[in-house]
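What follows is a single structure, and I will ask about it in a moment.
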Amino acid sequence: MRLSQAFLPVLKESPTDAQIVSHKLMLRSGLVRQTAAGIYAWLPLGYRVLKKIEGIVREEQDRAGAIELLMPTLQSAELWRESGRYDAYGPEMLRIRDRHEREMLYGPTNEEMITVIFRDEARSYRDLPRTLYHIQWKFRDEVRPRFGVMRGREFLMKDAYSFDLDEAGARQSYYTQLLAYLRTFQRMGIRAVPMKAASGPIGGDLSHEFIVLAPTGESEVFYDAEYEGMDWTQSGLSYGDAVGLQALFDRIGQTYAATDETHEETRWAEVPGERQRQGRGIEVGHIFNFGTKYSEAMGFRVSGPDGAMVTPQMGSYGIGVSRLVGAIIEASHDEAGIVWPEAVAPWRVGLVTMRGDDAASVAAAGDLYDKLTSAGVETLYDDRDERGGAKLAGMDLMGLPWQLIIGPRGLAQGTAELKDRRTGEKQELSLESALARLTA
RNA sequence: CGGGGAGUGGCGCAGCCUGGUAGCGCAUCUGCUUUGGGAGCAGAGGGUCGCAGGUUCGAAUCCUGUCUCCCCGACCA
């Protein structure tokens with residue numbers, strides 16, 4: 001993308017409404033614009049990031065065997081009366097009436113709908129197990145939206161729902177999602193630690209929150225530094241490996257991690273002092289098993305292998321996709337702006353000419369831009385008639401992982417400057433080797 | 001929901017107390033000079049002062065109502 005043709009509004013000063021760093025940076029770098037309390041429009045830059053995150057979530061869900069579908073944002077009140085939650089849910093549910101005075105709602109979650117959709121088709125134990133998911137906008141009428149996109153009223157969420165014949169199967173489904181989550185967050189370049197959450201109905205151990213560490217997090221967290229060395233993507237653990245998944249679950253159970261709500265001083269004391277990590281965290285995912293709560297209430301039963309009717313076990317698994325945009329920024333930024341992990345960066349390379357009036361620079365940059373683009377390297381080329389310094393400041397703010405800087409000074413030696421946004425490290429490279437480096 | 005604060009060009013703010021017809025910085029546009037980390041000078045454009053009533057010769061300013069947004073707390077992907 002050539003910046004001169006783009007829609008990437010950047011602000012020098014933060015609007016006063018923004019209080020926390022991710023919100024300020026999102027507004028300044030033109031990721032989002034607020035349209036009402038807790039409701040945001042995603043501008044091109046932010047939308048690119050959102051889609052990157054969504055893409056990783058989708059790939060990892062698919063890999064874990066979950067099946068994607070798409071359910072609507074608007075739901076009928078009738079559906080929620082079946083589970084008894086229409087009256088129980090309270091004012092956080094946005095209720096709407098259509099022209100026929102029918103009661104509708106903007107979905108805050110989809111347990112009811114998925115249960116009905118799956119119930120109406122699944123007849124036999126042979127239809128199980130299944131995990132279905134969608135990535136869809138949700139609305140929760142928060143009393144007090146804040147922190148920008150991290151506590152919005154409308155937000156994009158991946159929610160998966162598992163259906164199993166029995167508790168053992170439900171545990172497998174749970175473990176599968178647990179591993180998928182660990183891999184998902186690791187791929188995004190953030191450290192999300194699974195922490196035991198308030199107990200689910202089957203045993204006390206089947207609910208975890210995934211917390212990203214960031215100084216501005218909302219809750220206090222405690223965890224064993226062991227988590228810092230754990231690599232989930234390279235482990236080679238297969239989703240079909242029941243023993244391996246159990247071992248993974250046991251390992252997580254044994255390695256201490258808790259929020260202030262579930263913190264246990266006695267267990268914490270057993271963690272060696274040098275491994276104790278304490279800080280603040282943002283919840284980006286939550287998984288839990290709720291047994292037959294909805295299947296029971298909504299009359300979902302299938303024929304078991306022995307001919308007897310069985311009420312399936314269910315679990316649900318959420319990832320706050322739009323929240324992650326803010327959470328990643330909270331976890332990865334500096335004084336100059338955002339520092340995107342490569343996997344979620346809106347573009348990989350920011351190409352800058354220091355002197356827009358230098359024909360040789362413009363020609364070289366145009367050539368590099370064409371080559372990078374045709375090599376499939378996502379490149380944002382700042383070809384505007386601006387001073388070099390202003391462009392570089394803008395690149396720092398936007399946080400693209402690599403800056404490729406072209407100017408007459410370097411060109412005289414046949415070089416360009418390649419800057420690593422994260423470390424600030426700069427290298428003078430020949431144009432060819434810079435290109436090779438970025439297309440590698 | 002309880003408590004607090006704020007609405008004035010795109011962004012950040014002043015003016016309000018003590019009414020006299022709106023100003024500053026940044027941004028934008030034009031010109032000139034500049035150009036390796038947010039340039040300088042000169043000029044220009046852009047605002048029904050959130051909205052609705054009221055008081056007054058006259059309201060951004062005073063009064064009443066209303067809407068919106070933000071912050072602190074209790075709750076949450």
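Side chains are part of it too, since the values below use all heavy atoms of this structure and drop only hydrogens, waters and symmetry mates. Protein chains get the first letters and strands the later ones, always in sequence-line order, with residue 1 at the start of each. Treat the numbers as computed from the prediction; the structure is a model and nothing was measured.
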* Heavy atoms only: give me the nearest A:Thr115-A:Met314 pair and the separation to one decimal. =>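 Here A:Thr115 and A:Met314 meet closest at OG1-CE, 3.2 Å.
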Dump every N/O contact between nucleotides 9-11 of chain B and the protein below 3.5 Å, one line per pair.
unit_1: B:C11; atom_1: O2'; unit_2: A:Glu13; atom_2: O; d: 3.3
unit_1: B:C11; atom_1: O2; unit_2: A:Glu13; atom_2: OE1; d: 3.4

* Asked: Rounded to the Å, how far apart are A:Lys419 NZ and B:G36 C1'?
  ->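 Computing the A:Lys419:NZ to B:G36:C1' distance gives 13 Å.
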* To do: From the options B:C69, B:G37, B:U35, select the nucleotide whose nearest atom is closest to the side chain of A:Ala36.
  =>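 Per side-chain heavy atoms of A:Ala36, the pick is B:C69.
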Between the protein and nucleotides 74-77 of chain B, list every N/O to N/O distance that falls short of 3.5 Å.
unit_1: B:A74; atom_1: N6; unit_2: A:Arg146; atom_2: NH2; d: 3.4
unit_1: B:C75; atom_1: N4; unit_2: A:Arg146; atom_2: NH2; d: 2.8
unit_1: B:C76; atom_1: O2; unit_2: A:Arg151; atom_2: NE; d: 2.8
unit_1: B:C76; atom_1: O2; unit_2: A:Arg151; atom_2: NH1; d: 3.2
unit_1: B:C76; atom_1: O2; unit_2: A:Arg151; atom_2: NH2; d: 2.6
unit_1: B:C76; atom_1: N3; unit_2: A:Arg151; atom_2: NH1; d: 3.0
unit_1: B:C76; atom_1: N3; unit_2: A:Arg151; atom_2: NH2; d: 2.3
unit_1: B:A77; atom_1: OP1; unit_2: A:His286; atom_2: ND1; d: 3.4
unit_1: B:A77; atom_1: OP2; unit_2: A:Glu283; atom_2: OE1; d: 3.1
unit_1: B:A77; atom_1: OP2; unit_2: A:Glu283; atom_2: OE2; d: 3.4
unit_1: B:A77; atom_1: O3'; unit_2: A:Glu283; atom_2: OE2; d: 2.7
unit_1: B:A77; atom_1: O2'; unit_2: A:Gly320; atom_2: N; d: 3.0
unit_1: B:A77; atom_1: N6; unit_2: A:Gly152; atom_2: N; d: 3.4
unit_1: B:A77; atom_1: N6; unit_2: A:Gly152; atom_2: O; d: 2.9

* To do: Kindly indicate whether the side chain of A:Leu3, heavy atoms from C-beta on, has any atom under 4.5 Å from the side chain of A:Leu8.
  =>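 They are in contact (side-chain heavy atoms under 4.5 Å apart), so the answer is yes.
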* Asked: B:U28, B:G36, B:A27: which one has an atom nearest the side-chain heavy atoms of A:Lys12?
  ->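 Among the listed nucleotides, the one closest to the side chain of A:Lys12 is B:A27.
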* Should the ring pair A:His208 and A:Tyr174 be called parallel, tilted or perpendicular, given that the plane angle runs from 0 to 90° and is split at 30 and 60? ->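 Because their plane-to-plane angle lies in the 30° to 60° range, the rings of A:His208 and A:Tyr174 count as tilted.
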* Which part of the nucleic acid, if any, lies within reach of A:Asp358 when heavy atoms closer than 4.0 Å are counted: base, sugar-phosphate only, or nothing? ->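 No contact.
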* Spacing of the P atoms in B:U55 and B:U61 (rounded, Å) ->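 Nearest-Å result for B:U61 against B:U55 at atom P: 15 Å.
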* To do: Taking atom C1' in both B:U28 and B:U68, compute the distance separating them and give it to the nearest angstrom.
  =>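 Nearest-Å result for B:U28 against B:U68 at atom C1': 27 Å.
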* Which value, in whole Å, describes the distance between the C1' atoms of nucleotides B:C67 and B:G50? ->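 Pairwise C1' distance, B:C67 against B:G50, rounds to 8 Å.
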* Can you tell me if A:Asp260 and A:Ser219 form a side-chain donor-acceptor pair at under 3.5 Å? ->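 No, no side-chain donor-acceptor pair sits under 3.5 Å.
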* Asked: Going by the angle between their ring planes, with limits at 30° and 60°, are A:Trp80 and A:Tyr89 parallel, tilted or perpendicular?
  ->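 Ring orientation, 0 to 90° scale: perpendicular.
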* Heavy-atom side-chain contact between A:Arg85 and A:Glu112 under 4.5 Å ->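 A:Arg85 vs A:Glu112: side chains touch.
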Could you pull out every donor-acceptor pair under 3.5 Å between side chains of residues 397-413 of chain A and any protein atom, sequence neighbours left out?
unit_1: A:Trp402; atom_1: NE1; unit_2: A:Glu342; atom_2: OE2; d: 2.8
unit_1: A:Gln403; atom_1: NE2; unit_2: A:Asp396; atom_2: OD1; d: 2.7

* Closest to side chain of A:Glu417, choosing from B:C70, B:G36, B:U35 ->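 Selected nucleotide: B:G36.
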* Which whole-number value in Å describes the distance from A:Ile405 CD1 to B:G38 P? ->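 Rounding to the nearest Å, CD1 of A:Ile405 and P of B:G38 are 13 Å apart.
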* **Plane angle bin for A:Phe210 and A:Phe185 - parallel if under 30°, tilted between 30 and 60°, otherwise perpendicular** =>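 Tilted, since the angle between the ring planes falls between 30° and 60°.
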* To do: Look up atom CZ in A:Arg387 and atom CE in A:Met354, then write down how far apart they are to the nearest 0.5 Å.
  =>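 So the CZ of A:Arg387 and the CE of A:Met354 are separated by 9.5 Å.
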* To do: Send over the distance from A:Gln19 CD to B:A6 P, rounded to a whole Å.
  =>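 Roughly 14 Å, once rounded to whole Å.
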* Using both distances under 3.5 Å as the test, list the Watson-Crick or G-U wobble partner of B:C57, or none. =>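 By the stated definition (distances under 3.5 Å), B:G20 pairs with B:C57.
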* Nucleotide paired to B:A77 in any strand shown, Watson-Crick or G-U, under 3.5 Å ->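 Matched B:A77 with nothing under the 3.5 Å cut-off.
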* Name the nucleic acid region contacted by A:Pro408, choosing base, sugar-phosphate or nothing; use a 4.0 angstrom heavy-atom cut-off, strictly under. =>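 Contact class for A:Pro408: base.
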* To do: Tell me the partner of B:C69, counting only Watson-Crick (N1-N3 plus N6-O4 or O6-N4) or G-U wobble (N1-O2 and O6-N3) with both under 3.5 Å; none if nothing fits.
  =>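 Base-paired to B:G5.
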* Expressed as a whole number of Å, how far does the C1' atom of B:U35 sit from that of B:G40? ->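 Approximately 12 Å lies between the C1' atom of B:U35 and that of B:G40.
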* Quick one: sort the A:Phe300 and A:Phe118 rings into parallel, tilted or perpendicular, breaks at 30° and 60°. =>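 Answer is perpendicular, since the angle exceeds 60°.
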* C1'-based separation of B:G15 from B:A59 [nearest Å] ->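 Taking atom C1' in both B:A59 and B:G15, they lie 14 Å apart.
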* Which residue, A:Gly407 or A:Thr35, contacts RNA chain B at a nucleotide closer to its 5' end, judged by nearest heavy atom? ->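 That would be A:Gly407.
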* Asked: How far, in whole Å, is B:G37 from B:C71 if one measures between their P atoms?
  ->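 The same atom, P, in both gives a distance of 37 Å.
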* **Pairing partner of B:G38 (Watson-Crick or G-U wobble, both distances under 3.5 Å)** =>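 No nucleotide pairs with B:G38.
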* Asked: For RNA chain B, whose closest nucleotide is more 5', that of A:Gly410 or that of A:His23?
  ->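 Of the two residues, A:Gly410 wins.
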* Counting Watson-Crick and G-U wobble pairs only, both distances under 3.5 Å, name the nucleotide matched with B:A44, or none. =>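 Pairing partner: B:U28.
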Using a 3.5 Å cut-off and no angle test, enumerate the donor-acceptor pairs between side-chain atoms of residues 9-22 of chain A and protein atoms at least two apart in sequence or in another chain.
unit_1: A:Gln19; atom_1: NE2; unit_2: A:Thr16; atom_2: O; d: 3.0
unit_1: A:Ser22; atom_1: OG; unit_2: A:Glu330; atom_2: OE2; d: 2.6

* Mind calculating the distance between CG (A:Leu8) and P (B:A27) to the nearest angstrom? =>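 Nearest whole value for this atom pair: 19 Å.
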* For A:Arg355 and B:U33, give me the distance from atom CZ to atom P, rounded to whole Å. =>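 Result: 14 Å.
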* Asked: Between B:C70 and A:Gln34, is there an OP1 or OP2 to side-chain N/O distance shorter than 4.0 Å?
  ->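 Indeed, a polar side-chain atom of A:Gln34 lies that close.
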* Which whole-number value in Å describes the distance from A:Arg384 CZ to B:C29 P? ->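 After rounding, the reported distance stands at 11 Å.
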* Taking atom P of B:A39 as reference, at what distance in whole Å does atom CG of A:Leu392 sit? ->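 Between P of B:A39 and CG of A:Leu392: 11 Å.
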* To do: Rounded to whole angstrom, note down the P distance from B:G46 over to B:U30.
  =>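 Each nucleotide's P atom is 16 Å from the other's.
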* Asked: On the ring face of A:Tyr223, is A:Arg280 found with NZ or CZ under 6.0 Å from the centre and within 45° of the axis?
  ->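 No, cation not above the ring by the 6.0 Å, 45° rule.
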* Asked: Relative to each other, are the rings of A:Tyr256 and A:His263 parallel, tilted or perpendicular (30° and 60° limits)?
  ->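 The rings of A:Tyr256 and A:His263 stand perpendicular, inter-plane angle above 60°.
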* Nearest-neighbour nucleotide for the A:Arg28 side chain, B:C69, B:U28, B:G38 considered ->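 Nearest nucleotide to the side chain: B:G38.
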* For atom P, what is the distance between B:A44 and B:C57, given to the nearest Å? ->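 Rounded to whole Å, the distance is 38 Å.
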* Asked: Starting at CG of A:Asp17 and ending at P of B:G50, how long is that distance when rounded to a whole Å?
  ->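 My rounded result for the distance is 15 Å.
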* Using heavy atoms and a sub-4.0 Å distance, could you list which residues of residues 423-437 of chain A are near RNA chain B? By number, please. =>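 Close to the strand are A:Lys426.
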* To do: Just jot down the ring pair (Phe, Tyr, Trp, His ring centres under 6.0 Å) partners of A:Tyr106, sequence neighbours excluded, or say none.
  =>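 Testing A:Tyr106 for ring pair (Phe, Tyr, Trp, His ring centres under 6.0 Å), a comparison that skips the adjacent residues, returns A:Phe139.
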